[in-house]
Amino acid sequence: MTALAQQGREQGQDERRALGIDWGDVVLNAYIGLFFLYLFVPLGIMVLAAFNANDTPSVSDWRGFTLQWFTGATDEAGNVTVRGLPQDARFLQGLWHSLLIALGVIAISIPLGLSGALLLTRLESKASTLLYTLLVSPMLMPGIVLGVSTMIFWRDMFGVEAGLFTAMIAQSVFIGSYCMLMFMARLQRQDRGLEEAGFDLGASSFLVFQRITLPFLMPTIATAAVIAFLQSIENYNTTFFAIGGNWTLVTEIGARMRFGLSPVVNAIGVIFVAITIVAAVSYVLLKRRRDQRIKALRR
Amino acid sequence: MSSLYRSYGAVLASLLLGIVALWLVALIALPQLNMIERAFIYEPRGGAAIQSQVDVDRLYQQIYTLEYDIQVLRQQAGAGASVGVAPGAKIGEDNTAGSGLAVPSPSAAGTESVEDQIATLEAQVAGLQADLAAMEEEETRLMAEQEAASGYSMRNFTTMSGLHLRIFGMTLLYSFCVTLICFVVCYPIAYTVAQTPNRERAAMLMLGLLIPYAINELLRIFAWTMILANEGMLNTTLDALGLIDMAQGEPIRWLASNGAVFCVMVYAYILFMVFPMYNTIETLDRNQIEASKDLGASLLRTHLRVVLPYAKPGIAVGSIMTFMLAAGSIAVPGLVGPGLHPDWFSQVIYRNFFEAGNWNIGSAYSLALLAACTGFILVNMVVFRVGIRDIAK
Amino acid sequence: MDMQDLRGKDVELDGVSMRFGDFTAVEPTDLTIRAGEFFSILGPSGCGKTTILRMVSGFLKPSTGRIRIGGEDMTQLGPNRRPTALIFQNLALFPLMTVWENVAFGLEARGMPRAERRRRADALLELVALTGQGDKKPTELSGGQRQRVAVARGLAVEPAVLLLDEPLSALDLKLRQHMRAELKSIQRKTGVTFIYITHDQGEALTMSDRVAVMNRGRVEQVAATEDIYDSPSTAFVATFVGEQNVFRGKVMHGANGVARVATDVGEFTGANRDGLSAGDDAMIFVRPERLDLASRSNETANRMRAHVERRDLEGPFVNVFLRAAGNLPLVMHMTNSGDAWRSLEGELELGFRSTDALVLRAGDLARE
């Protein structure tokens, strides 16, 4: 943000405090409140139902608080009486598949994105827009088209049946585009003078890349890896079509939902929600602390 | 290109080029081309040609069996009554001889009757061969017809049934409405979050948007399915309010409607509209809005003339993302009351691949979807006057 | 548009104050800006001048007091219903509209037909010397041209009062000086009341009829430009506008508009503007151009010794930096009338006339 915009923001902040009741604001605030209710109430219901002993997920028909969907339950003889998360081999297996795919996706999409970005930022020809369009096109394609085309292609050409591998490839194709855009944004902020200074001091182009460009991109590589990981774990559409008879955590959740609702899905949901909230809040807190430190340094 | 080699050196530049070429060709272009090729190859299934092929094969089998029988009978006749093998078992239903033939006894069956049998069988063979000639002619004709039909053709598209075509149209229409509703609902939100002067508040609002956005699509759908289920929140609430009586009559089957799919879709994809809009409006100088007010413009005019035109790239991106996700969604229609409501086009594609096993038609339908989405992107680019680089940011 | 139609109106602030929570941005203030004058509000950043401007334009509702424009109470009206137009510091031209659409935006908001709007916009562009530039986008214009578009856009709504929030601060020095003259001439031609906010005393002094100097939310002095410079009424105004040599001390005796003050450097006599009496803390202000070599001054009342540290040639004059007793820094401006300044070295005897020295109550000084 520019200093001017920031000044504007602070000024506005003061003004809002100064102005009395503005009915337009009241309506707007009510609208925003409703919108957030709309966003959060369904999630709240889902979370709450995970702790209900009722075996169809519900909050209205409350049969007592339980953690059994998280832990499962056994009788004295050790027989499973309630199948919770730990007893659910398919979910655990699916989680393992998801992690495998995600690691593969990181390993593929980061080099793809990085190469694309380095190439496009240095390519000063008319072909660059065409290349750019082609390389970002997977992002703009419906996920199912990507899944389908990858699945058919690998079977037709190499006889590879749909499975974890094709799912990983299909995801990498579009996640690579996301990574590329992140790297391009970073490279656009790079001072070309640094590279030139490197050359001027007699460094080889490889040394310049290794000592200047790559370190400059390092934070983005880390961010891109996290984003790629999350995108991969979360993906349903593309994976669903490309994975064939195999499954990931998310496609398994989908499969369960087709056969009726189970509180075990709620339990997984609670875990997802908890991880998301912790991650989001700590991200915001870290960012704020960093901003404050920068602000303090500027003074 | 020379700038590329200058910056990175020959080795590195070649490596980069190689990786990008691999990505472009092996991961993006070839799979798409392969799909497109399949989309234009018509693959007839269970057609007349195949049927006639099967019939001809069966006929050949019959003739072969008859000839074998004749041969056996001739051997019998030649060797006198000493051969005890009963060939009749292989002849089957066409045998006109008496029971003696079925279980031939060397003493009862004479040489003359064997000759008769041979004559009858040969007559049958001749009849069948005449049939065969006719049928083979028919088969050749059908095969030629099929030959002409396969190869590149539009038949995968032109044979799309009226039902599928309607589903395709409805899917696009619904997706467009989802996009429109998401825009209308989100615009005030994106504007407020982006232009909130209080930084703390803006950060809180942002967090409130990020959390649901980060939670998996399926779980967001799942949460809504719980609400809309027959015994779900909505029905129990209505029941409690006395608007419906669940004990008495049927609860309202929300999940069985396209409306439910529509509703959940708006919920599932709305945040893909908020963030792109937020990103553009966030960079709008507050003074622009104040200047507009100061010059006497009403709130509506300020938004129509100043904020909305500025937000165009964000609106374009948001619309494209939302439309693309909605039109290609398999999760929402597949999981919200599956089988209870009319199909979404993605489900038709799914069935072609995994149930009917007709990959070429599946490819053709995928291509149709891709073309529709591409068309939507192009229309957006023209309407909002944005370039590809504005869209993919 | 016939510029004769425009008539500036007066603006009255009656006990207007502004509080943001615990922070008082503007103390209760009475201020009258006359119809058709070029009025500047001058002060350092954070002094409350922008807050006053925003209260006049209607973006802020004052915590107390009333604002009247042309005698009508405007306190409760929003910015779109006041006869004012604001020129923003960053101009806030609409980037997606053409120049003429920018200028005519206020008319569009009033529902004027397009052809009529275009005609008026062209007339205004002519007024600000931008004839024929109407179909360009603002980004295709230079900084000075954009400036004039912003003024034309403000004038298009025929305001009685044009409010300008440091609009020249983004321009380079040459252009800024040129624009000063241009703004002044536009103001003369239209007769609209201009309220100009700035932290640049040069801008305030060259363009304005009258100036208000603000510090920490208070208007310290309102006066014609020449009076602001020659007879500042507070220590802050004295040091904020132009350079000063400042001597702190105690009043020995004060009478007949004259005071004698004892300082670390010596005893001095000056005009007793605040009517101070013996024992009061006081400051004596002497402009660098009024400080002189004792040898050239025939008055003996105000003499001191100081050591030359540096001489900077500015061209037409020379800045001589000195230190007096107690490490007090002093500045003397000498006209460059030949070789005289080259021989200024070591200890010097300085002096000034009593009529050139101002004795004021001790108070805040402006920070550089």
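Note that these values count all heavy atoms, side chains included, but never hydrogens, waters or copies made by symmetry.
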Shortest non-hydrogen contact between [X] and [Y], atoms and distance:
X	Y	value
A:Gly254	B:Leu218	N-CD1, 3.6 Å
A:Met46	B:Ala223	CB-CB, 4.0 Å
A:Pro42	B:Trp224	CG-NE1, 3.4 Å

Region of [X] that comes under 4.5 Å of a non-hydrogen atom in chain B:
X	value
A:Phe241	both
A:Val250	both
A:Met182	neither
A:Phe174	neither
A:Arg155	side chain
A:Ser262	backbone
A:Val281	both
A:Ser128	both

Under 4.5 Å from a heavy atom of chain A, the part of [X] involved:
X	value
B:Leu209	both
B:Phe222	both
B:Ala29	neither
B:Val11	neither
B:Leu12	side chain
B:Ile227	side chain
B:Leu205	both
B:Val332	neither
B:Met206	neither
B:Leu207	side chain
B:Ala327	neither
B:Ile211	both
B:Tyr350	both

If you tally heavy-atom pairs under 4.5 Å against chain B, which of [options] wins?
options	value
A:Gly176, A:Gly143, A:Ala127	A:Gly176
A:Val41, A:Ile277, A:Thr276	A:Thr276
A:Thr213, A:Asn235, A:Asn266, A:Leu134	A:Asn266
A:Ser115, A:Ser172, A:Ala279	A:Ser115
A:Leu230, A:Thr129, A:Thr150, A:Ile169	A:Thr129

Which of [options] touches chain A most, by non-hydrogen pairs under 4.5 Å:
options	result
B:Ile270, B:Leu325, B:Leu367, B:Leu299	B:Ile270
B:Ile320, B:Thr283, B:Ile19, B:Leu15	B:Ile19
B:Cys186, B:Ala331, B:Ala10, B:Ala203	B:Ala331

Note, [X] side chain near [Y] side chain (heavy atom, < 4.5 Å):
X	Y	result
A:Met257	B:Ile221	yes
A:Pro111	B:Trp23	no
B:Ile28	A:Leu135	yes
A:Ile152	B:Phe353	yes
A:Leu140	B:Cys373	no

Spacing of [atom1] belonging to [X] relative to [atom2] belonging to [Y], to within rounding of 0.5 Å:
X	Y	atom1	atom2	value
B:Ser366	A:Met141	OG	CE	11.5 Å
A:Ile144	B:Gln347	CD1	CD	10.0 Å
B:Asn34	A:Asp156	CG	CG	4.5 Å
B:Leu30	A:Met157	CG	CE	7.0 Å

Would A:Phe153 and B:Leu27 count as a side chain to side chain contact (heavy atoms under 4.5 Å, CB included) here? Give the steps. CA-CA 9 Å; A:Phe153 176 71; B:Leu27 297 182; over 6 Å; no
Derivation and outcome, side chain to side chain contact (heavy atoms under 4.5 Å, CB included), residues A:Val145 and B:Met35: CA-CA 9 Å; A:Val145 173; B:Met35 186 185 85; 3.9 Å; yes
Looking at B:Met204, I want to see if its CE is surrounded by more than 12 non-hydrogen atoms of other residues, nucleotides or ligands under 6.0 Å. no
Is the side chain of [X] donor-acceptor paired with the backbone N or O of [Y] at a distance under 3.5 Å, no angle test?
X	Y	value
B:Tyr267	A:Leu39	yes
A:Tyr236	B:Ile330	no
A:Asn237	B:Gly328	yes

Mind running side chain to side chain contact (heavy atoms under 4.5 Å, CB included) on A:Met139 and B:Met321 for me, showing each step along the way? CA-CA 9 Å; A:Met139 273 175 53; B:Met321 291 309 279; 5.6 Å; no
How far apart are the C-alpha atoms of B:Ile189 and A:Tyr31, what are their side-chain angles, what is the distance that settles it, and do they pass the side chain to side chain contact (heavy atoms under 4.5 Å, CB included) test? CA-CA 8 Å; B:Ile189 304 289; A:Tyr31 179 74; 3.7 Å; yes
